[in-house]
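If you read the sequence from its start, that first residue is 1, and numbering goes on from there.
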Amino acid sequence: MTDYTRLGLRLLVLACAAGSLSACATVVRGTDEAFTVETVPGGAAVHTSNGYSCDQTPCVWRIHRNSDFQVTITKPGFKTVTTQVMHVTSGAGAAGMAGNVLLGGVIGIGVDAVTGASQDLKPNPLHVVLEPDAPMAAPPPAPMPMPAAPPTPPAAATAPTAPVAH
């Protein structure tokens, strides 16, 4: 192998390594994340506008980081709750984008932006305290006590009778 061949091989390996680092957030964070729904009380059904569902909370799914969707939570006897979940640029995602800039990864910036790797779902976890459908009814009042019966007069005292002699 000539020196030029070795140099060309080294440059090729270096270019491949730099290219693999060009999408830092995609490599480090991935394009989806665990999204969790928790309710108090537990056991509520959950449906999302992007097709996920779960029969009983708590629920966990892997969802694409750049998703925006609605979550609807239902449980018999409780009010239905609908919440919007949005994607926002995360601190770690911004650091990954900065890594792209420092390493000259213009392609990496585009890849991270398109894949959503620089994003986080908010709120996550989604924690909801369910409200009862109707206010709890007060217990019925205790029955009124019966009026006391008037006191009965004492029985007439009878004098002892003396034995009668016959």
Side-chain angles (χ1 to χ4, degrees), residues 6-145:
R6 281 191 202 136
L7 179 62
L9 206 56
R10 286 182 188 163
L11 288 174
L12 180 62
V13 168
L14 184 60
C16 288
S20 69
L21 292 176
S22 66
C24 286
T26 303
V27 171
V28 175
R29 294 171 36 87
T31 59
D32 59 340
E33 70 178 286
F35 177 72
T36 303
V37 178
E38 302 166 336
T39 61
V40 174
V46 181
H47 300 279
T48 69
S49 61
N50 57 351
Y52 292 90
S53 64
C54 167
D55 292 333
Q56 290 192 351
T57 55
C59 307
V60 179
W61 302 284
R62 300 271 327 154
I63 296 181
H64 208 66
R65 289 184 183 276
N66 64 356
S67 299
D68 287 336
F69 54 95
Q70 286 187 333
V71 176
T72 302
I73 301 168
T74 57
K75 182 174 176 88
F78 293 87
K79 294 180 181 176
T80 297
V81 175
T82 300
T83 303
Q84 182 69 33
V85 176
M86 301 177 67
H87 66 278
V88 296
T89 301
S90 71
M97 289 292 239
N100 287 329
V101 171
L102 291 175
L103 294 173
V106 175
I107 294 172
I109 291 171
V111 169
D112 286 348
V114 169
T115 63
S118 61
Q119 305 293 298
D120 276 338
L121 298 173
K122 295 292 180 197
N124 190 14
L126 175 58
H127 184 78
V128 176
V129 177
L130 298 172
E131 294 181 38
D133 241 349
M136 298 280 290
M144 295 292 288

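- Put simply, OH on Tyr52 and SG on Cys59 are 13.0 Å apart, with the number rounded to the nearest 0.5 Å.
- For the residue pair Phe35 and Pro123, the shortest heavy atom distance occurs at CE1-O, 3.2 Å.
- Rounded to the nearest 0.5 Å, atoms CD (Gln70) and OG1 (Thr82) are 6.5 Å apart.
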Margin query: Determine whether Thr89 and Gln119 satisfy the following criterion, side chain to side chain donor-acceptor pair (under 3.5 Å), listing intermediate values before the conclusion.
Written below: CA-CA 4 Å; Thr89 301; Gln119 305 293 298; 3.1 Å; yes
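- Evaluation of the side chain to side chain donor-acceptor pair (under 3.5 Å) rule for Ser67 yields no partner, not counting sequence neighbours.
- In terms of heavy-atom proximity, Pro41 sits nearest to Lys75 at CG-CE, 4.0 Å.
- Applying the side chain to side chain contact (heavy atoms under 4.5 Å, CB included) test between Leu126 and each of Val81, Val46, Thr83 identifies Thr83 as the sole match.
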Notebook entry, point to check: Passes side chain to side chain contact (heavy atoms under 4.5 Å, CB included), Glu38 versus Val128? Steps please.
Noted result: CA-CA 6 Å; Glu38 302 166 336; Val128 176; over 6 Å; no
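- Residues meeting the salt bridge (Lys or Arg N to Asp or Glu O under 4.0 Å) test with Lys122, sequence neighbours left out: none.
- Remark: Asp32 engages Arg62 in a salt bridge, criterion side-chain N to carboxylate O under 4.0 Å.
- In this structure the side chain of Ile73 never reaches within 4.5 angstrom of the side chain of Thr80, judged on heavy atoms.
- Put simply, NE2 on His127 and OG1 on Thr57 are 10.0 Å apart, with the number rounded to the nearest 0.5 Å.
- Atom OG1 of Thr48 and atom CH2 of Trp61 lie 6.0 Å apart (nearest 0.5 Å).
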Checklist line | Candidate pair Phe78 and Thr39, rule side chain to side chain contact (heavy atoms under 4.5 Å, CB included), full reasoning | finding: CA-CA 11 Å; Phe78 293 87; Thr39 61; over 6 Å; no
Note to self: Apply side chain to side chain contact (heavy atoms under 4.5 Å, CB included) to residues Asp68 and Val85 and explain how you reach the verdict.
What the structure shows: CA-CA 6 Å; Asp68 287 336; Val85 176; over 6 Å; no
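- The shortest heavy-atom contact between Glu33 and Asp120 is OE2-CA, 3.3 Å.
- In this structure, Met86 CE and Leu121 CG are separated by 11.0 Å, a value rounded to the nearest 0.5 Å.
- The distance from atom CG of Asn124 to atom CZ of Arg65, rounded to the nearest 0.5 Å, is 9.5 Å.
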